[in-house]
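So the structure is just underneath, and the comments pick up after that.
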Amino acid sequence: MEDFLQKCGGYAVIDGGLATELESHGADLNDPLWSAKCLLSSPHLITRVHLDYLEAGANVITSASYQATPQGFEAKGMSREEGEALLKRSVEIACEARNIYYDRVAKGSWDVMEDKNMPELHPVFVAASVGSYGAYLADGSEYSGIYGDTVTLKTLKDFHRRRVQLLAESGADLIAFETTPNKLEAKAYAELLEEENIKIPAWFSFNSKDGTNVVSGDSISECTSIADSCKQVVAVGINCTPPRFIHGLIQSIKKVTTKPILVYPNSGEMYDAERKEWVPTTGVADEDFVSYVSTWCDAGASLIGGCCRTTPKTIRAISKTLKKECA
């Protein structure tokens, strides 16, 4: 990761929200598979969103596999083989988008870009997204981390094992364990990486609703320690959390680990898990979101992007801000 960050100029830009961008292009994601539904219905839209983020300056694009699981595909009536193929396909689509982007750079084709004077190619990693067990349940529990007493460490390892195996062999540059809501799931991920001898690196990102703990109430310091102790984890941080909480969380994480810190907050809006929609009551405008970036860099973050409800416009502004930081 340090080598990748050096190639990026010291800071790397992570892409923004996928599902909300797919919806802006006409996708109907009212489905337990959420954004992964487009792997079946409209993969061309996934490619389009990946390209929008690459052309906005993203150094990391995440695959449409956050809510894609063998179990979820089987629940939709697919065979195990069909579900596993779709999971791998999510990474293939991201890799194909990267190749298209590289080809456009080589040919000087900037017709879809706002900044037609972008001087050079930027390095790109493809991150295979892994959502939490709560994301599979599609009941909003990734925003609470409360799975009940029947869900044990073994339950979580058994649930995630095959997906992690498949994504590790999919051609991705790393595995992004996203929106991790409790330390039990972080421990499951860390043990899986060790037990399966996963060869590609990983990052762990947690979510918070109070700026002190992860959403389950577990200490962010304890969660970070789990990530820090796993040799396959090359970065740790926060995603899908209101921007106003990020600075304090970076400071807490920095006390526990020397690994690179990543942050990709949501827009600050509240998610109504029962109605399955965002309530735009506490969100921030792009200008306000980006105004935090320098503060996050100063606090110790080196990979910065956006999560739910952020857009290519947000990522373009982050990229420009980080270029100034590197100047």
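Residue indices begin at 1 and follow the sequence shown.
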Using the rule that two of Ile, Leu, Val, Met, Phe, Trp, Tyr join whenever any of their side-chain heavy atoms come within less than 4.5 Å, decide whether Ile315 and Tyr292 are in one cluster.
yes
Hey, is the main chain of Cys223 close enough, under 3.5 Å, to the side chain of Asp218 for a donor-acceptor pair?
no
Okay, side chain of Ser216, backbone of Pro181: is any donor-acceptor separation there less than 3.5 Å?
yes
Asn182 side-chain N/O to Gly145 backbone N/O, donor-acceptor pair under 3.5 Å
yes
Should the pair Tyr136 and Tyr133 be assigned to parallel (<30°), tilted (30 to 60°) or perpendicular (>60°) ring geometry?
tilted
Are any non-hydrogen side-chain atoms of Glu191 and Lys154 less than 4.5 angstrom apart?
no
Using atom types as modelled and distance alone, determine if a side-chain donor or acceptor of Arg163 lies under 3.5 Å from a backbone N or O of Ala68.
yes
For a 4.5 angstrom cut-off between non-hydrogen side-chain atoms, does Glu74 reach Gln71?
no
About how many Å separate CG of Leu18 and OG1 of Thr310, when rounded to the nearest 0.5 Å?
10.5 Å
To the closest 0.5 Å, what do you measure between CG (Asp288) and OG (Ser267)?
11.5 Å
Between Ile304 and Thr321, is the side chain to side chain contact (heavy atoms under 4.5 Å, CB included) condition met? List the steps.
CA-CA 11 Å; Ile304 298 174; Thr321 300; over 6 Å; no
Dump the intermediate steps for salt bridge (Lys or Arg N to Asp or Glu O under 4.0 Å) on Glu196 and Arg162, then the final yes or no.
CA-CA 10 Å; Glu196 299 300 323; Arg162 184 56 180 157; over 6 Å; no
Where do Glu2 and Gln6 land on the side chain to side chain contact (heavy atoms under 4.5 Å, CB included) test, with the steps shown first?
CA-CA 6 Å; Glu2 286 80 0; Gln6 186 176 9; over 6 Å; no
Minimum heavy-atom distance Ala94-Val126, with the two atoms named
CB-CG1, 3.7 Å
Quick check for you: to the nearest 0.5 Å, what is the distance between Leu137 atom CG and Glu142 atom CD?
8.5 Å
Same apolar cluster (I L V M F W Y, side chains within < 4.5 Å links), Leu87/Leu156:
no
Polar side-chain atom of Gln232 near backbone of Leu193 as donor-acceptor pair, under 3.5 Å:
yes
On the 0 to 90° scale, with breaks at 30° and 60°, tag the His122-Tyr101 ring pair as parallel, tilted or perpendicular.
tilted
Honestly curious: do Tyr53 and Leu262 fall in one hydrophobic cluster under the side-chain, below-4.5 Å linking rule?
no
Step by step, work out the side chain to side chain contact (heavy atoms under 4.5 Å, CB included) result for Lys259 and Val234.
CA-CA 6 Å; Lys259 293 181 180 183; Val234 296; over 6 Å; no
Tell me if a side-chain donor or acceptor on Lys199 pairs with a main-chain N or O of Ala168 at a distance below 3.5 Å.
no
Linked, directly or transitively: Trp203 and Val164 (ILVMFWY side chains, under 4.5 Å):
no
Would you say Lys187 has more than 12 foreign heavy atoms packed within less than 6.0 Å of its NZ?
no
For the pair Leu86 and Lys76, evaluate side chain to side chain contact (heavy atoms under 4.5 Å, CB included) and give the outcome as yes or no after the intermediate values.
CA-CA 13 Å; Leu86 277 174; Lys76 299 289 285 187; over 6 Å; no
Treat each ILVMFWY residue as a node, draw an edge where side-chain heavy atoms are under 4.5 Å apart, and state whether Val105 and Ile61 are in one component.
yes
Evaluate the side-chain proximity of Tyr147 to Ser141: yes if any heavy-atom separation is below 4.5 Å, no if none is.
yes
Would you call Lys88-Glu169 a salt bridge at under 4.0 Å N-O?
no
Determine yes or no for a side-chain-to-main-chain donor-acceptor pair under 3.5 angstrom, with Ser219 supplying the side chain and Glu222 the backbone.
yes
Leu249 vs Ser208 side-chain heavy atoms within contact, under 4.5 Å
yes
So, do Leu174 and Val60 sit near enough that their side-chain heavy atoms are less than 4.5 Å apart?
no
Quick one: does any side-chain atom of Asn59 pair with a main-chain N or O of Val13 as donor and acceptor, under 3.5 Å?
yes
From OG (Ser132) to CG (Asn207), nearest 0.5 Å:
7.5 Å
How about Arg48: does its CZ atom have over 12 heavy atoms from other parts shown lying under 6.0 Å from it?
no
Can you tell me if Asn266 uses its side chain to pair, donor with acceptor, with the backbone of Cys307 under 3.5 Å?
no
Quick one: pull up CG in Leu192 and CZ in Phe177 and give me the separation to the nearest 0.5 Å.
7.0 Å
Check: Pro265 main-chain N/O paired with Thr241 side-chain donor or acceptor under 3.5 Å
no
